[in-house]
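Worth knowing before you read on, the calculation uses all heavy atoms, side chains too, and leaves out hydrogens, waters and symmetry mates.
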Amino acid sequence: MQVERAIIGGTGVYSAGVSGLRSVCVETEFGLVTLDVGEISGKKVAFLARHGKEHSAPPHRINYLANMKALQTLGVKFVYATAAVGSCHKSYSVGDLVLIDDFIDFTSGRVSSYYDAVGSVAHVKMDAPYCRYLQDKLKQVASLLIARDGVVYGCTQGPRFETASEIRAYKNLGADVIGMTGVPEVCLAKELGMCYAAVGVVTNMCSGVEAEITHQEIIASMSQNKGKLINAFEVVFSQDLTQERCDCKNSLIFL
């Protein structure tokens, strides 16, 4: 089975409007991954629920290595991912869709490379962690949906939320939004030569920015926006895509 396109759904996004979806189990050396495969305009598309269909895996326990390896096994080259994020800025609004352009890794203990064993040395370029070609494609079809681009994503360990002091520190270091799942997913995608782009849905203001928001409100915010976002992904995926307009497939450096 050759599937070149994939959507990764974060919190609140557990399905896609892709037609003819069927469940597929992919065995990898890192574990078994269950995902769905369907079609958009005759092109096969995989849909992967990052936390599992029942949202059973917390952010720090997600098997990122298996998830991304399973997509590679299917032949995936182009990935759009969603992420629920909190905002460090009062100027952002709950419900805003933000195009993520860079990240700062505040996690600890996560394996962020397939080249993690002694004797297996490789480095991955991070000058453009998110594929600019896929970003431009999305902006062409959904510019009115995207409230902000050039956004910096701060990835924290979870599963707890951050303190107000931590948010002030992250903001001072350059983070615009905060999430718990973007790393190592983006790093692994780059190692596997995939074109990977991510859109954040602002579900809440971070601690100390405004009053805390409830879990129900986070899910409600995602529900209001996921349809429009998935539709935009589908429009891009209905087009012919190429990896000749970016350098994602050449991200690894062996010394």
Between Glu39 and Lys44 (side chain of the first, backbone of the second, donor and acceptor by atom type, cut-off under 3.5 Å), is there such a pair?
no

Answer whether the closest heavy-atom distance between the side chains of Met180 and Glu162 falls below 4.5 Å.
yes

When hydrophobic residues are tied together by side-chain contacts of less than 4.5 Å, even through go-betweens, does Phe254 share a cluster with Val124?
yes

Where Ala49 and Phe47 come nearest, the two heavy atoms and their spacing:
N-CE2, 4.0 Å

Donor-acceptor contacts, no H, no angles, side chain residues 170-178, under 3.5 Å, sequence neighbours left out:
residue: Asn172; atom: ND2; partner: Arg168; partner atom: O; Å: 3.2
residue: Asp176; atom: OD1; partner: His89; partner atom: NE2; Å: 2.8
residue: Asp176; atom: OD2; partner: Val152; partner atom: N; Å: 2.9

Output all residues satisfying side chain to side chain donor-acceptor pair (under 3.5 Å) with Tyr153, sequence neighbours left out; order by chain, then residue number.
none

How long is the straight-line distance from CD of Glu4 back to CG of Asp240, given to the nearest 0.5 Å?
10.0 Å

Does Gln135 use its side chain to pair, donor to acceptor, with the backbone of Ile100 at less than 3.5 Å?
yes

Is there a side-chain contact (heavy atoms from CB on, under 4.5 Å) between Gln140 and Val236? Walk through the geometry before answering.
CA-CA 9 Å; Gln140 288 171 16; Val236 176; over 6 Å; no

Judged by modelled atom types alone, do Glu191 and Ser113 share a side-chain donor-acceptor pair under 3.5 Å?
yes

Can you confirm whether Leu144 is buried at CG, in the sense that more than 12 heavy atoms of other residues, nucleotides or ligands lie under 6.0 Å from that atom?
no

Evaluate the criterion side-chain contact (heavy atoms from CB on, under 4.5 Å) for residue pair Ser91 and Arg148; output intermediate values, then yes/no.
CA-CA 11 Å; Ser91 58; Arg148 301 173 189 276; 3.8 Å; yes

Between Ala232 and Ala142, what is the shortest heavy-atom contact and its length?
CB-CB, 3.8 Å

Minimum heavy-atom distance between Pro159 and Pro59, given as atom pair plus value
CB-CD, 4.4 Å

Locate the shortest heavy-atom distance separating Asp96 from Ala147; write the atom from each residue and the value.
CG-CB, 3.7 Å

Test: Asp149 and Lys139 ion pair at under 4.0 Å
yes

With side chains defined as the heavy atoms from C-beta onward, is the minimum distance between Glu166 and Phe106 less than 4.5 Å?
no

Quick one: CD1 on Ile167 to OG on Ser87, what's the gap to the nearest 0.5 Å?
9.5 Å

Which pairs pass ring-ring contact (aromatic ring centres under 6.0 Å, His included) with one or both residues in residues 25-44, sequence neighbours excluded?
Phe30-Tyr114

Does a side-chain heavy-atom distance below 4.5 Å link Lys137 with Gln239?
yes

So, for Pro129 and Asp102, which heavy atoms are closest and what is the spacing to 0.1 Å?
CG-OD1, 3.7 Å

Could you tell me whether the side chain of Tyr92 reaches within less than 4.5 Å of the side chain of Val98, counting heavy atoms only?
yes

Any heavy-atom pair between the side chains of Thr82 and Ile8 that's under 4.5 Å?
no

d(Cys195 SG, Lys249 NZ) to nearest 0.5 Å is 9.0 Å

Any idea how Phe237 and Tyr80 line up, ring-wise: parallel (<30°), tilted (30 to 60°), or perpendicular (>60°)?
tilted

Step-by-step side-chain contact (heavy atoms from CB on, under 4.5 Å) determination, Leu229 to Val199
CA-CA 8 Å; Leu229 187 54; Val199 179; 3.8 Å; yes

Got Met194 and Lys77 here, is their nearest side-chain heavy-atom distance under 4.5 Å?
no

Do you know which two heavy atoms are closest between Ala46 and Val3, and how far apart they sit?
N-CG1, 3.5 Å

Could you grab the distance from atom CG of Leu65 to atom OG1 of Thr28, nearest 0.5 Å is fine?
8.5 Å

Side chains of Tyr133 and Leu241: does their closest heavy-atom pair fall under 4.5 Å?
yes

Distance, nearest 0.5 Å, that separates NE2 of His60 from OG1 of Thr181:
13.5 Å

When the aromatic ring centroids of Phe78 and Phe233 are compared, is their separation below 6.0 Å?
no

Looking at Lys43 and Glu234, does any basic side-chain N land under 4.0 Å from a carboxylate oxygen?
no

For Asp105 and Arg110, run side-chain contact (heavy atoms from CB on, under 4.5 Å): C-alpha distance rounded to whole Å, both residues' side-chain angles, the deciding distance at 0.1 Å, then the answer.
CA-CA 10 Å; Asp105 183 9; Arg110 298 187 186 186; over 6 Å; no

With the 4.5 Å side-chain cut-off for hydrophobic clustering, are Leu32 and Met68 part of the same group?
no

If I take atom CD from residue Gln243 and atom SG from residue Cys248, how far apart are they, to the nearest 0.5 angstrom?
7.0 Å

Tell me, do Ser23 and Thr34 make a side-chain contact under 4.5 Å, heavy atoms counted?
yes

